[in-house]
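Below, chain A is the first sequence line, B the second, and so on; all start at residue 1. Note that the coordinates shown come from a computational prediction; the quantities given were computed from them, not determined experimentally.
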Amino acid sequence: MAVVKQPKKVPIAQVREENEKMKKLLENGVRCIVCGVMKDKSKFYVNTDPHCRCEVGCVCKECARKIALQVDDDGIEHEVTKESCIEALKLLNKPFLNSVWDASVQESDNLVAGRVKHNPWNAYIKNIQMVQYVGMDFFDSDMFKRGVVGGGQYCIKEPKTADDLSEDVRSTYEVNKKTTLRFLGYDPFENEPIEEQPILYAKLVSYFDDSVRDDGLKLEAVIEIVQSFKDIKTINDAISKYKKQLGENPAVISTIKSLADTKQKMISSALALAKDNGISVNHNNSKSKGAGTLSGIIKEMSEMNLDDIEINTFDYETSAAISQIMEANFQNQMKQLNPDENDWEHEVQHQAKLLHELQKERDNAVEYCRLLRKENKDLKDFLIERNIIDDALNIIDE
Amino acid sequence: MSEEITLLGDGIKEFNPKNFTYFVKPTYYDMSNLRLEGLKKTAEIIQWGRRNPVKFCERFMGIEFLDYQKYVFMESWITPYVVWCMSRNSGKTTLGSPFLMAKTLLLPYFEGYILSGTGAQSIGMMKKIEAITKKEIASFTGLTDVFMNELVKSQSNSNGFSHNPNSWSYKLYSGSTIATVNSNFDASRGKRSRLNFYDEASYVLEDMYTATLPFVT
């Protein structure tokens, strides 16, 4: 005989109590769309979207945190990235603002402030709930303002790379960077933004000369001056930005004044460095070496073994002016000569001997030239085989 | 099959066999491209001056030559042994001065000596160079300050011309010098030179040639 299991009898008071609880949960609770659990509204972030009547988001705080921190199946938290943060904000319908993100990263790193947020997410979610961001939703994020959405992923404007630079800028930038590395042995601007590096390297290279190479302090001064003038340019940009706001907001005058003072100090510091190290033309201490004179430049070029300044007498002899004079001279000599028979006899003997010697010399020279050309071709073929040069004889850069 | 070499035309490039390429080892210079381009441009001007020294003297020093002087100047520019057999008042010393000035200005580390039968004679030529440099010759109109600016000056030698009784001389920033040799040529043995300029050469003693010609070897 089958036994029908009777439900456990619960006292009516207990049922009433549970009903009350359920009723309360239904009134003040929301089901999280990620974990599917009904939770109290206090476990959710407030949603300030005017269309949202329930006043909270549809993802609980814990699930949002797990998404932002990329918590894996083992419950291990990973580093918060912009992408993971955006993913969580998308579900929370909150905006992603670069300025708030930067401030949050700074806040989480700042140990001096005392109130340490353990990661940028905690700081960000706290900051984005401040009153000034009320009413903003995910579509108010910075990336939508620029309209850079593609492939289902939200694109963040990453710092530029060398490939983003234009062709002309990049070629000069690469040459200048190589020159700097060769000169210094290290990269002084590796932490600078890529878009500023071409200017920095170009400016630095323009200061390079033998005196900079020989004087370590002067070298440091030159780098410092280049950095200073870059910073001064940044300040100039900021000042012009604030000047535009001056009509609407006269309070910015104090900021402008402060920036101008800083700029003045930086200029003074750079000029003092230039003066102490004899860097500018005004303070150049190599005047005694003839810097800027034609003969001084010739000496400098000779010392650096510049091919273009090489003395090539063959080139001068065969130039139009000198060969014309030589030709005229030879013709004049022939006109002046009035030899008799004996002279001719001597001349013919002399010329026959000369011709014989020159013929031998010429044959030797031609053979020597042939061997050199053969060697030249062999060397070129060898270099091409080894992938050191290409067919157009250009060096193949590694 | 060997290519035919044509020995005609102007400039070294004309002499290259056709379709033959030369590999030049790339050299890296620690300077900006702008500065390197500037130096290359200057080098081009210098090379032009070396090919056309008369034009260089005219343009840069403002010296005008007569046709026969141009002929003598150009003919002597690259010829190893030269004798200028010219009449009185034909401007031998006057021509020799810009010749030496151009040599020192266009060629680095150029050393030359002015030699004569007497020290005073060789100093006379140096005085001519000095007069041209300081624009003290009335008939030379249009002289420039170019050469004056190239002279190495010091506290004791404010104009760049040293008047040491043993040897008058000048020096340029390129390391090029010209000095006179006085009549006591025995004291000057063993010097090195790239140019010996004998003024009034027919009156120079045989012994002096014996002592000074080895300068250029």
Side-chain angles (χ1 to χ4, degrees), chain A residues 172 175-176 178-180 182-183 202-203 205-209 212-213 288-291 293-326 328-329 366 369-370 373 376 379-380 383 389 392-395, chain B residues 2 5 7 9-12 14-15 17 20-36 38-40 42-48 50-55 60 70-71 73-75 77-79 104-109 146 149-154 172-176:
Chain A
T172 318
V175 171
N176 287 338
K178 274 184 190 169
T179 308
T180 306
R182 210 170 42 246
F183 200 90
K203 281 190 176 178
V205 167
S206 68
Y207 285 105
F208 286 169
D209 61 14
V212 175
R213 187 197 297 278
S288 59
K289 294 175 190 163
T293 64
L294 190 65
S295 51
I297 294 168
I298 292 176
K299 189 183 177 190
E300 187 192 344
M301 287 192 284
S302 303
E303 283 173 355
M304 61 188 265
N305 291 324
L306 192 75
D307 288 338
D308 305 55
I309 200 71
E310 190 185 35
I311 296 170
N312 185 347
T313 45
F314 184 80
D315 184 32
Y316 312 145
E317 278 175 34
T318 51
S319 69
I322 290 184
S323 57
Q324 186 191 0
I325 292 286
M326 291 292 188
N329 185 49
V366 169
C369 176
R370 190 185 69 82
R373 284 174 62 195
N376 181 308
L379 285 171
K380 277 188 287 189
L383 292 174
I389 57 172
L393 307 186
N394 297 317
I395 297 271
Chain B
S2 63
I5 301 172
L7 292 175
D10 179 29
I12 193 167
E14 296 287 328
F15 295 87
F20 191 78
T21 49
Y22 293 90
F23 171 67
V24 182
K25 194 184 109 185
T27 315
Y28 300 105
Y29 302 103
D30 293 332
M31 62 177 65
S32 66
N33 270 357
L34 194 67
R35 186 164 151 67
L36 189 61
L39 287 179
K40 284 187 171 179
T42 311
E44 218 174 280
I45 294 167
I46 303 295
Q47 295 290 25
W48 169 83
R50 287 171 183 171
R51 281 188 215 106
N52 305 282
V54 169
K55 288 272 178 199
F60 283 77
K70 287 181 188 175
Y71 177 81
F73 196 118
M74 290 296 280
E75 183 63 41
W77 187 245
I78 53 161
T79 314
T104 48
L105 196 49
L106 288 166
L107 303 169
Y109 306 108
V146 170
N149 294 330
E150 302 295 324
L151 292 164
V152 177
K153 302 173 189 75
S154 63
L172 305 189
Y173 288 110
S174 58
S176 299

From [X] [atom1] over to [Y] [atom2], what is the distance, rounded to the nearest 0.5 angstrom?
X	Y	atom1	atom2	result
B:Leu106	A:Ser295	CG	OG	10.5 Å
B:Ile46	A:Ser302	CD1	OG	9.5 Å
A:Thr293	B:Asn149	OG1	CG	8.5 Å
B:Leu39	A:Ile298	CG	CD1	11.5 Å

Query - Side chain B:Gln47, main chain A:Asp308, donor-acceptor under 3.5 Å - result: yes
Requested in this report: State, to 0.1 Å, how close A:Lys299 and B:Tyr173 come at their nearest heavy-atom pair, and which atoms those are.
Outcome: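 Looking at all heavy atoms of both residues, the closest pair is CD-O, 3.1 Å.
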Query raised in the report: Of the non-hydrogen atoms in B:Glu150 and A:Gly296, which two are nearest, and what is the gap between them?
Result: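 Taking B:Glu150 first and A:Gly296 second, the nearest heavy atoms are OE1-N, 4.3 Å.
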What part of [X] is in contact with chain B, defined as an atom under 4.5 angstrom from a non-hydrogen atom: side chain, backbone, both or neither?
X	value
A:Leu379	neither
A:Leu393	both
A:Gln324	neither
A:Met301	side chain

**Report entry** Which of B:Met74, B:Glu75, B:Lys153 touches chain A most, by non-hydrogen pairs under 4.5 Å
**Finding:**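 If we count pairs closer than 4.5 Å to chain A, B:Glu75 comes out on top.
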Using non-hydrogen atoms only, which part of [X] is less than 4.5 Å away from chain A: side chain, backbone, both, or neither?
X	answer
B:Thr79	side chain
B:Ile45	neither
B:Arg50	both

Heavy atoms, side chains only, cut-off 4.5 Å: are [X] and [Y] in contact?
X	Y	result
B:Ser174	A:Leu294	no
A:Asn329	B:Tyr71	yes
A:Leu306	B:Leu36	yes

Report summary line: Ranked by heavy-atom pairs below 4.5 Å to chain B, first place among A:Asp307, A:Ile297, A:Ile311 goes to A:Ile311
Query raised in the report: So does A:Glu303 have more than 12 non-hydrogen atoms from other groups sitting under 6.0 Å from CD?
Result: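 Count over threshold, so yes.
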